[in-house]
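Below: the structure, in structure tokens.
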Amino acid sequence: MPHYPRQQSAVFVFASDAELTVHTRSAALPSAWLRHLRTVWETRPGRHSAGSLPTRSLSALLPAFDPRITALSHQLESPHALRATAEPTAPFDLAVAAWAATDVAPHLPETDWEALLGEHPVQWHRDDLDLAHLARASAHPNSTANPAEPVWSLLPSLLAEHIATTGLTLAGHDYTGWLGPTQPDNRRRVYLGPPIALTDRTDAHGLYAHYIEFHLETIPCDPQVRVHADLHMARFAARPMSYVPRRGDKAATISALLHTDTGFLTSHERRMLVQAELTLQHTSDGPRLAWSPRISRLLALLSRPRYPAPDTLRTDPASLATSTEQSVAAWATHSTGMRYYLPEHPEAASAVRKSAEHPAAPGYQPRDHLEVFDALTPLFAPLGLIPVAAARKAPSRTRALPPPSARIPAGPRPHYHLEHWTTSPRTRQALHLALTNKLQLVPEPSESADGPATYTGEDYSLTVHPYDPGTLTGGIPRSLHADRAVRRAEDDRARAAHTERIQGSVPRTNLRAALIELEDQHYFGRNQLLDAKPAFKATLPALGRRVQCMRPVLPAPDKASKVKRYPGSDLRSSDIERAAASALDALRQIGHLPGLPQPPGIAGPFELITLWAPPAPGSQCVPMILRARPGTAPTAQLMPTRGSRYEPEIPFTQLPEALTDKRGRINAYRERPALVDFLRQALAPDSTTDRIFLARAAALRNRDIWPWLQDTHLTPGAVHAPGTRLDQPDSAPTPRKPSDLPGLRIIRLREAADRAAVAHLFGVPYDEQAQQRTPGNGRFSGLVQHSDTVFYGLNPRPAQNQTPLDVTKLDPARPQDATWSVHNPRPLEIVTAFLQDGDDPAELAMYVQALRRSVLHTANGTVWPWLIHCADLMTEYLV
């Protein structure tokens, strides 16, 4: 891998002398409107919340009404409740009247809202705002940027409008900008032109479009607000859908983008996209799509052009891809798991697959991200926005930890037991090849080919027990009743009956892993079956088994095929890789875990601690304290509840059984004080043992659990205890110093999935003498230092990602490049929030980064350090 001395992110900041004066408009919602709307809302039967108007759909409707309207404040009484980049020309009360009639008071159909609201027109006022000044005018007490509210609500939309007006030139091609919908958190997208059609070599067909999302972020103790410009791809359906996945117990939903050249409600000069939602409903005539409430219903009522029939998006999406003066264009957004029918070929054999996934693959090359960044730089310069400086690698002596296999705790070589649930000789052969060739285990002589087989390795031994699952893995018949409540009740009874079959036919045993050959959710969805995997996850832990599922090993194609075969067999090489990965994942669940290495600078007893609080069904969560110590296996402790007043510390391998027994489940809102007390115990404030507490920002900073972890409050070396209210600084207690909490270190972690607050980083050549980038770019791995306490850790690219470096998805002359899946690692933000005197922040940050590659079940780096990563995987037992 080439050496890149600096790392660049697609982030902009205001120059120190920048000015960005914008002539905007703001308005208050007339008090007479609010008074009357709240009065009728209180009389609506079955309303979701008392006192709070349902403004979500109104916020989505306003930009569709006029794209110059950028924000509706949550504080409706504010004199600046509405903000716009220019005064809307259309009668504003028309949109509010439609919202009032459909969302606020549908039980009062006789009310003439248009006439009622028209008596009190909205008064727009001119606001001349210097956004650059407002962005740096104030800071929080810990020096974190504190831009004024207009910066949050206006700047992303202004930038998106700027690109929609000027366009972008990328890879020698001019892209036009289409304004995307305003998000509830004020993010704004600009789509680079209409969707592009793509057909791959397997005849899969779809549409895709590039878009840039602008949003503002902060970093602890950094006085500059950061403008992120993230390049993404939106994929859309172009052929009928054969499968739409469900997320949890809720009905399957689809997001759609709508567009019309002439405007939905009034004509306007900018191309505008509006987002709407659809729900997949099961009827007696089969599945059908229907518009969800709120914005979809409002647009259907108000749109001047003809609104599209919702189910056409499922059965014939290509027919809705173009708008006219009479009709609205609609594009169904692809989500992971969706599949589409392939065109029928009369000469094709019946064995040929009939559906495919979307042909466009996610991810961009570093050159694509940086090309967009470089194209935006001259466009943003007149606005006072300059690129953030390229960062350096952190100076650390700890480059990597010893190989995990060399750190297994000393003692007798462990022996594991694994049940293989399959009747397929092909799958058994694949597992045997995986164990002997990939995992380097030596088989011992066996008396029977159908009996248990033992394998011995350098660090452990393993016995594989064949098990015939019969019909338990065949799926659960799904109800097709038209009534949703009846259908759900029948599905629940079918699941309960399947669970009883498992409990009656599978004997209890000592701790084993169960490697189950099972079809994926696409197979069950196509065949009107319920996935059997959740039933195994919920049932088998109590019977002494930990569950790992593996898709069936299919027959290898003939030798003329380009599919790579494993040497000496008629199996695919990819199937042997899958079998090896499944076996390692199964062993992980029964204790095949690495030992904890000693961190630099700590020589005596040491603990690595975290609190993991994954969500559980029924609006609950399961807080759990996890501890690891050098030379011993990790442990877990669940939170005491009314049903279990005492929760002891248990071996980590017993956690699945406790989770499926529904222990430790709480409602975080109602039981916040108990959760805060549990978190304080995890910190062990009275201990003097050296310990590092890993705190995931997204899980602990909200709901007043631990406000100190927020960017606005986090002050290195001065910690406030969990539960301390910090919204009134004058009444907050004195923070505790390292001398008050000997041995404690706190490291805050923020992942890329946390609102995309962590930007991409790419390696760039750099001229140190001229202090500027030079041509070139690429990926890199390691630790990057942003400040004395903020670091970014990146893992190496996975070995299986072999995308050629010359691939670029921004060149329309090379459409097939969009079919490549590209690995785009995002950093893990590591903040050394609280250290002891004499600690080296870079060394401890590198230690945490290195723990992301200290696992035994995969060669790839993980999102989290291994203790949190293993806990995250265990939460699949929360069914």
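What you see is a predicted model; the values in this text were computed from it and never measured.
- Distance CG/Asp704 to OG1/Thr724: 10.5 Å, rounded to 0.5 Å.
- No salt bridge links Asp103 with Arg44; every basic N to acidic carboxylate O contact stays at or beyond 4.0 Å.
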- Query: What do the steps show when you test Asp130 against Arg136 for salt bridge (Lys or Arg N to Asp or Glu O under 4.0 Å), and what is the final call?
  - Reply: CA-CA 10 Å; Asp130 183 353; Arg136 59 176 181 263; 5.5 Å; no
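- Residues Leu379 and His162 form a side-chain contact, since some pair of their non-hydrogen atoms from C-beta on lies under 4.5 Å apart.
- Using modelled atom types, one side-chain atom of Ser319 and one backbone atom of Asp316 make a donor-acceptor pair closer than 3.5 Å.
- Of the possible polar contacts, one joining the Ser73 side chain to the Gln75 backbone as a donor-acceptor pair under 3.5 Å is found.
- The side-chain heavy atoms of Leu72 and Leu29, taken from C-beta on, include a pair separated by under 4.5 Å.
- With rounding to the nearest 0.5 angstrom, the CE atom of Met241 is 9.0 Å from the CG atom of Leu280.
- Taking the six-membered ring where tryptophan is involved, the planes of His210 and Tyr175 are perpendicular, since the angle between them exceeds 60° and thus also 30°.
- Residues Asn142 and Trp708 have side chains not in contact (no heavy-atom distance under 4.5 Å, counting atoms from C-beta outward).
- Between Arg187 and Asp230 no salt bridge is recorded (no basic side-chain N to carboxylate O distance below 4.0 Å).
- Remark: His259 pairs with Trp178 by the ring pair (Phe, Tyr, Trp, His ring centres under 6.0 Å) rule, at least two apart or across chains.
- Between Glu77 and Arg38 a salt bridge is recorded (basic side-chain N to carboxylate O distance below 4.0 Å).
- Between Glu213 and Arg189 there is a salt bridge, since a side-chain N of the basic residue sits under 4.0 Å from a carboxylate O of the acidic one.
- For Phe12, the ring pair (Phe, Tyr, Trp, His ring centres under 6.0 Å) partners are Phe373, Phe380, not counting sequence neighbours.
- Taking 4.0 Å as the cut-off between side-chain N and carboxylate O, Arg672 and Asp677 do not count as a salt-bridged pair.
- The distance from atom OG of Ser78 to atom CD of Glu149, rounded to the nearest 0.5 Å, is 7.0 Å.
- The line from OG1 of Thr253 to CG of Leu278 is 9.0 Å long, rounded to the nearest 0.5 Å.
- For the atom pair CZ (Arg748) and CZ (Arg701), the distance works out to 6.5 Å, reported to the nearest 0.5 Å.
- Classification of Arg488 and Asp491 as a salt-bridged pair fails, no side-chain N sitting under 4.0 Å from a carboxylate O.
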